[in-house]
Amino acid sequence: MLAEHDVEFIVVGGQAETLMGSSRVTYDVDLCYRRTPDNLERLASALGTLSLTLRGAPPELKFRLDAQALALGQNYTFEVDGQYPLDFLGSLEPIGAYEDLLPHVETVIIGGRSTRVIGLDDLIRIKRYLGRPKDRESLLQLEAIKRLREQEGLR
C-alpha cells in the first residue's frame, strides 16, 4: 500500500529484527518516514485508504489525516481496523530522522518489491540506547546475527 503510493519509508523496530533473522515475534509495524512535503502528501494519501484510529486516543477525538496534520507532528501511533498497531516515526533516538538512517539501510524484497530496512548497526545502537527489557532481549539476538554476518563476510 505504501509502495503503491511511492511513500519513502524505512522499516524499523521489531519487524526489522524479524527481517534480519531474529526469532522475536512482534505484531506491530514501526516505520520511519521521510518528512518532505511531497512524501507527506503521498503518505496521507496512502493512509487514507486504511481504516485508522489514533492508538490510545478517545474514540470521539476528531483527527484529520492529511499532509498538513502529519507535518504538525512527528511520531504517530495508529491502529488499523482497531487492532493492528502501525507506528510512523519521524525521528528515532539517538540517531535522528529518515535521512540519518538512509546511509546504512539494507534492502530486502517483500511482496516482490524492494523495501528499505534499518541497518543492523543502527538497530543495535537504538536498542542499546532504549534499554527496555524487550530491547535488551533483542540485543542478544541482534548481536549474534551481527557476529554470524561478520563470520560469513556479509557485514
Side-chain angles (χ1 to χ4, degrees), residues 1-57 61-127 129-130 132 134-135 138-139 141-142 145-146 148-149 152 154-155:
M1 173 264 315
L2 295 174
E4 292 167 3
H5 286 84
D6 295 321
V7 175
E8 295 176 86
F9 67 93
I10 299 169
V11 179
V12 299
Q15 295 295 330
E17 291 179 47
T18 301
L19 291 169
M20 291 178 185
S22 171
S23 63
R24 179 170 178 236
V25 176
T26 182
Y27 298 103
D28 65 323
V29 176
D30 301 312
L31 305 172
C32 182
Y33 64 102
R34 182 170 260 168
R35 294 188 45 78
T36 60
D38 288 344
N39 200 54
L40 292 175
E41 288 286 348
R42 293 189 298 268
L43 178 58
S45 177
L47 294 178
T49 67
L50 299 174
S51 174
L52 291 179
T53 55
L54 288 171
R55 192 166 61 243
L61 179 69
K62 301 292 183 211
F63 177 71
R64 185 183 73 210
L65 186 58
D66 60 16
Q68 183 180 4
L70 291 171
L72 293 174
Q74 181 153 269
N75 296 340
Y76 292 92
T77 57
F78 296 112
E79 283 187 350
V80 179
D81 296 329
Q83 58 184 341
Y84 304 107
L86 175 62
D87 297 348
F88 285 89
L89 309 170
S91 180
L92 295 164
E93 292 293 330
I95 297 176
Y98 176 96
E99 290 77 12
D100 300 309
L101 296 172
L102 200 53
H104 304 111
V105 296
E106 299 180 18
T107 302
V108 298
I109 305 300
I110 301 175
R113 295 180 190 251
S114 293
T115 304
R116 291 178 174 149
V117 179
I118 187 172
L120 180 58
D121 287 337
D122 284 345
L123 186 55
I124 288 171
R125 184 173 167 204
I126 289 169
K127 296 295 182 180
Y129 176 82
L130 294 173
R132 301 170 297 190
K134 69 179 183 177
D135 298 313
S138 292
L139 269 173
Q141 290 191 45
L142 293 172
I145 290 166
K146 181 176 178 174
L148 285 171
R149 285 182 176 187
E152 295 171 1
L154 297 176
R155 185 153 171 12

Asker: Of all the heavy-atom pairs spanning Gln141 and Ser22, show the shortest one and how long it is.
Answerer: OE1-OG, 2.9 Å

Asker: Which atoms form the tightest heavy-atom contact between Lys146 and Ile124, and what is the distance?
Answerer: CD-CD1, 4.0 Å

Asker: Ignoring hydrogens and angles, tell me if any N or O in the side chain of Tyr76 forms a donor-acceptor pair with the backbone of Leu70 under 3.5 Å.
Answerer: yes

Asker: Once rounded to the nearest 0.5 Å, what's the spacing between atom CG of Leu123 and atom CG of Asp135?
Answerer: 9.0 Å

Asker: About how many Å separate CD1 of Ile118 and NE2 of His104, when rounded to the nearest 0.5 Å?
Answerer: 10.5 Å

Asker: Measuring only between side-chain heavy atoms, which start at C-beta, is Leu52 closer than 4.5 Å to Val80?
Answerer: yes

Asker: Please report the closest heavy-atom contact between Gly82 and Glu79, naming both atoms and the distance.
Answerer: O-OE1, 3.1 Å

Asker: Can you confirm whether Arg116 sits close enough to Leu101 that some side-chain heavy atom of one is under 4.5 Å from a side-chain heavy atom of the other?
Answerer: no

Asker: Taking all atoms of both residues into account, what is the closest heavy-atom pair of Ala44 and Ala67, and its distance?
Answerer: CB-N, 3.6 Å

Asker: Measuring from Arg113:CZ to Leu2:CG, what's the distance to the nearest 0.5 Å?
Answerer: 10.0 Å

Asker: Would you check if the side chain of Thr18 reaches a backbone N or O of Arg24 as a donor-acceptor pair within less than 3.5 Å?
Answerer: yes

Asker: Does the side chain of Leu50 come within less than 4.5 Å of Leu86's, by heavy atoms?
Answerer: yes

Asker: Which is it for Ile110 and Leu19 under the side chain to side chain contact (heavy atoms under 4.5 Å, CB included) test, yes or no, and what are the steps along the way?
Answerer: CA-CA 10 Å; Ile110 301 175; Leu19 291 169; 3.9 Å; yes

Asker: Can you tell me how far the CD1 atom of Ile10 sits from the OG1 atom of Thr107, to the nearest 0.5 Å?
Answerer: 9.5 Å

Asker: Are Leu92 and Asp122 packed together at the side-chain level, in the sense that at least one heavy-atom pair is separated by less than 4.5 angstrom?
Answerer: no

Asker: Is any side-chain heavy atom of Leu31 closer than 4.5 Å to a side-chain heavy atom of Val11?
Answerer: yes

Asker: What is the minimum heavy-atom distance between Leu89 and Asn75, and which atoms define it?
Answerer: CA-OD1, 3.2 Å

Asker: Any salt bridge linking Glu17 with Lys134? Criterion: basic side-chain nitrogen under 4.0 Å from a carboxylate oxygen.
Answerer: no

Asker: Does some side-chain heavy atom of Leu40 sit less than 4.5 Å from a side-chain heavy atom of Tyr33?
Answerer: yes

Asker: Between Ile109 and Ser114, is there a side-chain heavy-atom distance shorter than 4.5 Å?
Answerer: yes

Asker: Supply the atom-to-atom distance Ser138 OG to Ile126 CD1, rounded to the nearest 0.5 angstrom.
Answerer: 12.0 Å

Asker: Closest heavy-atom contact between Gly73 and Arg35?
Answerer: O-NH2, 2.9 Å

Asker: Could you list the residues that satisfy side chain to side chain donor-acceptor pair (under 3.5 Å) with Asp30, not counting sequence neighbours?
Answerer: none

Asker: Can you check whether Tyr129's main-chain N or O pairs, donor with acceptor, with Glu93's side chain at less than 3.5 Å?
Answerer: no

Asker: Please report the C-alpha distance between Val7 and Phe88 in whole Å, then the side-chain angles of each, then the deciding distance to 0.1 Å, and finally whether the side chain to side chain contact (heavy atoms under 4.5 Å, CB included) criterion is met.
Answerer: CA-CA 12 Å; Val7 175; Phe88 285 89; 5.6 Å; no

Asker: Is it true that, when you exclude Tyr84 itself, more than 12 heavy atoms of the residues, nucleotides or ligands shown sit nearer than 6.0 Å to its OH?
Answerer: no

Asker: Holding to side chain to side chain donor-acceptor pair (under 3.5 Å), I want the full list of residues that pass it with Glu8, two or more places apart in sequence or in another chain.
Answerer: Arg34, Arg42

Asker: Are side-chain heavy atoms of Arg55 and Asp87 found at a separation under 4.5 Å?
Answerer: yes

